[in-house]
Amino acid sequence: MYSSIITTAPPPSPETCTQGHRSTLIIPTAEGGSICLLCLSNLLSNPKSPTVHVSYALSQLSQALSQPQFLHSLLSFHPHFLISPLVSVLSIFEDEPIAKQTIDLILRLCDASNSNTTGGNGNEDVHREFVSRVSDWISSRSLAWSRRQLYMLHCFGVLLDNQDCNLYTCIKNKDALICNLVTGLQLSSDEIKGEIMFVLYKSSLLQYAYMDDNCADVLLAYCPKLLYISLDILMKSQSDDVRLNSIAFLTVLARRGLFQSAYSNHVTSRDSFEADNFMQITEDGPALEVLFAEAVKGPLLSSDSQVQIATLDLIFLYLSSEDVSGKELQVFIEENIADYIFEILRLSGSKDPIVNSSIPVLDLLSTVEQAFQQRLAIAFSTLLPILRYVAEIPFQPVQCQLLKLISNCVSSCPGVVSTSHVEEISSILAGMFKKHIDGEIGMLPETFTLSCSIFVALMKCSSSCGNSSLAESVKDASSSAISAFLGNNHTDTNQILHSLYLLKEAYAYDHEDNFPCSSNVGLGVCIIDMFKLHILPWFMTVINEMEEEAVALGVIETFHSILLQESSVDTKSFVDSLVLSSWFSALFGCLGLFPTEKMKWRVYLIFSSIVDVLLGSDSGQPIRDAALHLPSDPIDLLFLLGQKSSCNLELFSCQSAVLLILYISSLYNDRIADDKLVLASLEQFILLNSGDFLCGGYASVTIELLVNLYGLYRGFAKMSYQIPYSPEAERLLFQRLAENGWDSLSTKIHLTSLRWLFQQEKLCKSLSDQILNFCRCNSSIGNVAVLYHETSHKVDLHVFAELISCGDNFGARIFVCLLGDFAENACQEYDIISVLKACTEIIEIAAVASDQFCIHGIDGVLQNIYLYSTHTFPELFKATSQFVFSILKCVHSESISNHEAWFGITVKLMEYLIPAVASDGWTEEVLTIIGILSLILHHSTNEVLTEASKTIILSAPLVSTFNIAISEACSKGPALFDHDEGTRTGEVLMFVFSLLFFSLRSVRAILPAIIDFQVFLDESTEVQPLSYLSIRCHDLCKLMHFGSPPVKLITSSCLVELFTAISDYTSRKTVDLKFREGYLLSISAVLEGLIYFSDIRVAVNCSRCLSALMTWKQLKIESMVYEKDNWCRLIVEELVMSLSTPNLISNVFMINHKPAINVAVALLKLSEVPSWLTKVFDDSSLRTIIKNVSPSNVNAELVLLFRELLDSGHLKPAHIADLNRVFQACRRHMYADELEDSSVEEHPEKVDVGLDNVGKVRTFLMGLVSSQSNPECYHWRSQSCKKQLLEEIDLFTKCLMEEDEA
């Protein structure tokens, strides 16, 4: 038979095979042979055919099917011919290789017939017929459950695996098929069960894919038993293939809802099914959910991740059904399914498919909270690596569900969350927020809100106490959360609310004693800054366009929660930010948008809390009491204010609340209503309710609020000139205020209101009492911290200083009159002291206040106080002297008018000074008096206080006292160097020489006739003592040589003043001053030795004195600077070398070389210029110096040096041209910096607050002396120095023009 099937060398046109079959059934092959289909069919269908022949025939057929021409011919002419033989092979032979060959051929034929490219023309009939025949064999049960049935099942499964066509209709006897398959499931062979499960899986898919609505669900009839059998197989099988097929089939059933139908439909089962008692559902049998839970445990522990994932998906499908109750979920938890899943996650290595399948199941189980919490708590640490993994993936599918699990555990079981857990979770979530803001990953709204909730839950864990790492993560997350919704106009409402909730809880976390006071966590400060810098501005911007009330309420409630925390500097700062941003107006606008009771209640509550923070605890209670009765419209609030409230407690409460709201809002310039309407309502309130002021109907606080409000809006009316007011209301108010005590200075008050009150003469008496009370309550004035009225609105000395400085009110007059009344009555010394201290501090704050005090006659009052206090009350005398010193150091000379009073003050001070020095020495009071006398002399140069100054200068006892002090100092010799301002002797000398300095200046202005310069230059020890307050030149030089640096400074300033006077005098008159040349040389030696002293001020003073000596032409002392004067030459050469050094010249450098420049200028002015000067200022040196000069480092002294070099002929045209360019650039530079320079103060240096009173007086006097003698050493950028520089440049230009003309 074999030879007749395949002919190796066929004739060219065979008509029959060896068996005589017709040629139409013979198909040639590519090798030249042919295959007779009928012979092949007979071979395959014959049970007695040798298996080797069958196998060979199948292999030859397989080889032929690989040939396109053969396959085309077969499918075109005999497509169904081999169907029956091939199926017969499976049913006849129990040979596995033959079965595999046959199944492979069947698949190839099906695929080829279905394909358009192999000649099948897309004909699915072959495939359908195979399915039909194979299903018939299985349904017939003729094969029993032999190996042939296994092969048939496998073939059927493979055929059904191709679901591109409707193969379900090809199965003729569906019931028989399913029945036989269900029977087969009861066999013990896993291999058969696996094949059956796969067939059931594929057939059920086809059934549900192509079954119409009218067709019966075949599986439904077998459902209860089929389910139980399938679950039993899944539970007992150790084969992953069987498990996978079982899970696949169960998944299809679950999707069809057959798990839920199993209980109701098993009654309608077939007779054969009912007869079988295998796994019957009985009352004693296991419940379906229990069996299900047991069945999935094995697959969950499988080493095949595909099985695990499929099992997890099946569990999720089952548990997510609407019909699954909490009881069934409870069973799964009790059967430890959650523990199995947690273990899978622990071993998964965070693989995405496992994670994506496990987390949803755990999320479903978590709905049974009580039973699940314990499992979740135990396995909590397993979720953290998963969290870190999913956090890195944008929009990870199970991100939200995982966060929900973590949130549940942290919230319900905070005890299991360790410190390391807190840090890890917070770090991961903060990173998610950061990447979301940076655009690296997206974040779903639910993820965002869950993350915020987890942060809040973490902060409430006991393990979070003092955790700085958590605090830093909360900072970062809060900042990112705020940025998320501030930068997005379409942010979900829940995101905004949860962001606010996070900030609220973060602030509470920082304030619940979680961190020690010494820690620098700063979480609360950071949150407050976010509120002030980001959320508040955003809210104020969008409030008028806000559509959802929930957002507005969320912001208000969050802000309110901050205010309810323990009051702190940060809270007060936040409240200041609120009220300064027109918070009251904004919330009234919010009430207009959302006029609900909830909104109104929340708005008035936060108003009351703002008042509590600003005015003190419970100050906002009136608003809370009346909140339910207050209207939402500010105009309606004003209407309430304009009603008579007698016997109406509710109206009375509302009016108090309205006054409080108006007071706080207007205090910060937040106008909730028109000024005209507010003033009219206040006046109406006064007119109708002023009678209740007397009978105690209103608390004093309410009256003070009314006064402050009335004063404020009257002040506004005065500024606008357009708002009318009621004189009758003003009269009534003033009348009631006169009859009742009130104190506006003890409350916060607007500066406009305070100024208006101080402009009312009728209130001066009451304000005087209030000022006295203020001074009494602030008796430690001088030690109080600086407060700024713009934010605090408290009345302090800064407010009084500003008030008095304006000069448009009775402030200064009230203070003066208050002191005057005390002085006349000679009583209440401590009250006088407290007022004097306040006035002293006011002058320290605002110097112009001293002018106002003087204008209003403070000098006469001070004279009376001195008359009373000099010997009777030392403390009052001391306070008065300090106040007098403050006035004199700040007042402008033109403001001093009452010279007689100052003369009396001076006499009184002199009367105290001399005996005090004799009896007690140089006490603090004595030194303060010397400071006062110095300032009187200082003002005398401006033609004021001349009589008082003459009294000082000509006082013989004072002259004698000073001469003794100077003599004692000179006698110390070199030991004097150890006496600086830190020693008593050094301090006394500085005060003594300060007075001498101002005496030398004053005597030239008011008593020039008494000056005898010969006396100053007299070196004899036997001459008569000085007749007025002055000092001889040799004493000054001695003290300069031996004294400490401070003594050198003050004595050198005195010598400059003395030499300047001599120079001015000798320049105007010809005098014959007698002295030894050696005497002048000794003076010159002292001065030259200090040219390089470390204190530049001393060096400059000495250089000026030395220059003055050189220019006294009438004294004929040019011989002092002879040709071999090496010291002067050294000074000039050092100067030239320094000026020639590139990149070294600067402003500070030029200041330090001013002494040398002064000496060089003086040498150039001599009638006989030393010859060595020409060598020092040669062409090369001058060119280098000019090259180094720039507009930023040139000063007046340097320009003067160039001018003298020009006059002396040392400058060449090239030098002059270069200098002109520099000077032009210098002009432009100064004009460009004019705005900046205008801000430079030209006053003496500020006093160090760490000094005592005498130290402050000494420091001021030294600064004043230095600013008078060397202003450029202090303020080289000041306007006066710039002006001097421009003048010197102009003189240089003028000198150059004169030289050109000549």
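For reference, positions follow the sequence shown, starting with 1.
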Does [X] have any side-chain contact (heavy atoms from CB on, under 4.5 Å) partners at least two apart in sequence or in another chain, and if so, which?
| X | answer |
| --- | --- |
| Ala627 | Trp601, Tyr604 |
| Leu677 | Ile635, Leu638, Asp674 |
| Cys854 | Ile858, Ile887, Val891 |
| Cys817 | Arg813 |

Partner of Leu615 under side-chain contact (heavy atoms from CB on, under 4.5 Å), chosen from Leu660, Thr747, Leu667: Leu660
So which pairs with a foot in [range] pass salt bridge (Lys or Arg N to Asp or Glu O under 4.0 Å), sequence neighbours left out?
| range | answer |
| --- | --- |
| residues 706-733 | Arg714-Glu730, Glu728-Arg731 |
| residues 587-611 | Glu557-Arg602, Glu597-Lys600 |
| residues 857-866 | none |
| residues 803-812 | Arg755-Asp808 |

Heavy atoms, side chains only, cut-off 4.5 Å: are [X] and [Y] in contact?
| X | Y | answer |
| --- | --- | --- |
| Leu500 | Val551 | no |
| Ser577 | Phe531 | no |
| Gln643 | Leu688 | no |
| Trp583 | Val575 | no |
| Leu712 | Asn708 | no |
| Ile749 | Val795 | yes |
| Ile932 | Ile905 | no |

Residues that Asp675 engages under salt bridge (charged side-chain N to carboxylate O under 4.0 Å, His left out), provided they are two or more places apart: Arg671
Between Phe588 and Phe607, ring centroids under 6.0 Å: yes
Expected output: side-chain Ser609 to main-chain Leu564 donor-acceptor under 3.5 Å: no
Donor-acceptor pair, side chain of Asp612 and main chain of Asp618, under 3.5 angstrom: yes
Whether Phe853 and Phe815 hold their rings parallel, tilted or perpendicular, with breakpoints at 30° and 60°: perpendicular
Sequence neighbours excluded and cut-off under 3.5 Å, please list the side-chain donor-acceptor pairs for residues 532-541, or say none.
{"residue": "Lys532", "atom": "NZ", "partner": "Ser573", "partner atom": "OG", "Å": "2.7"}
{"residue": "Thr541", "atom": "OG1", "partner": "Pro537", "partner atom": "O", "Å": "2.7"}

Pairwise distance CZ(Phe559) to CD1(Ile606) - rounded to 0.5 angstrom: 7.5 Å
Spacing of Asn942 atom CG and Ile896 atom CD1 [to the nearest 0.5 Å]: 9.0 Å
Return all side-chain donor-acceptor pairs below 3.5 angstrom for residues 764-775, not counting sequence neighbours, or 'none' if the list is empty.
{"residue": "Lys765", "atom": "NZ", "partner": "Asp769", "partner atom": "OD1", "Å": "3.3"}
{"residue": "Lys765", "atom": "NZ", "partner": "Asp769", "partner atom": "OD2", "Å": "3.2"}
{"residue": "Gln770", "atom": "OE1", "partner": "Ser744", "partner atom": "N", "Å": "3.1"}
{"residue": "Gln770", "atom": "NE2", "partner": "Trp742", "partner atom": "O", "Å": "3.1"}
{"residue": "Asn773", "atom": "ND2", "partner": "Asp743", "partner atom": "OD2", "Å": "3.4"}

No-hydrogen, no-angle side-chain donor-acceptor test under 3.5 Å, Tyr507 and Thr571: yes
Partners passing ring pair (Phe, Tyr, Trp, His ring centres under 6.0 Å) against Phe734 (at least two apart in sequence or in another chain): none
Verdict with reasoning, Ile661 to Val611, per side chain to side chain contact (heavy atoms under 4.5 Å, CB included): CA-CA 8 Å; Ile661 293 171; Val611 174; over 6 Å; no
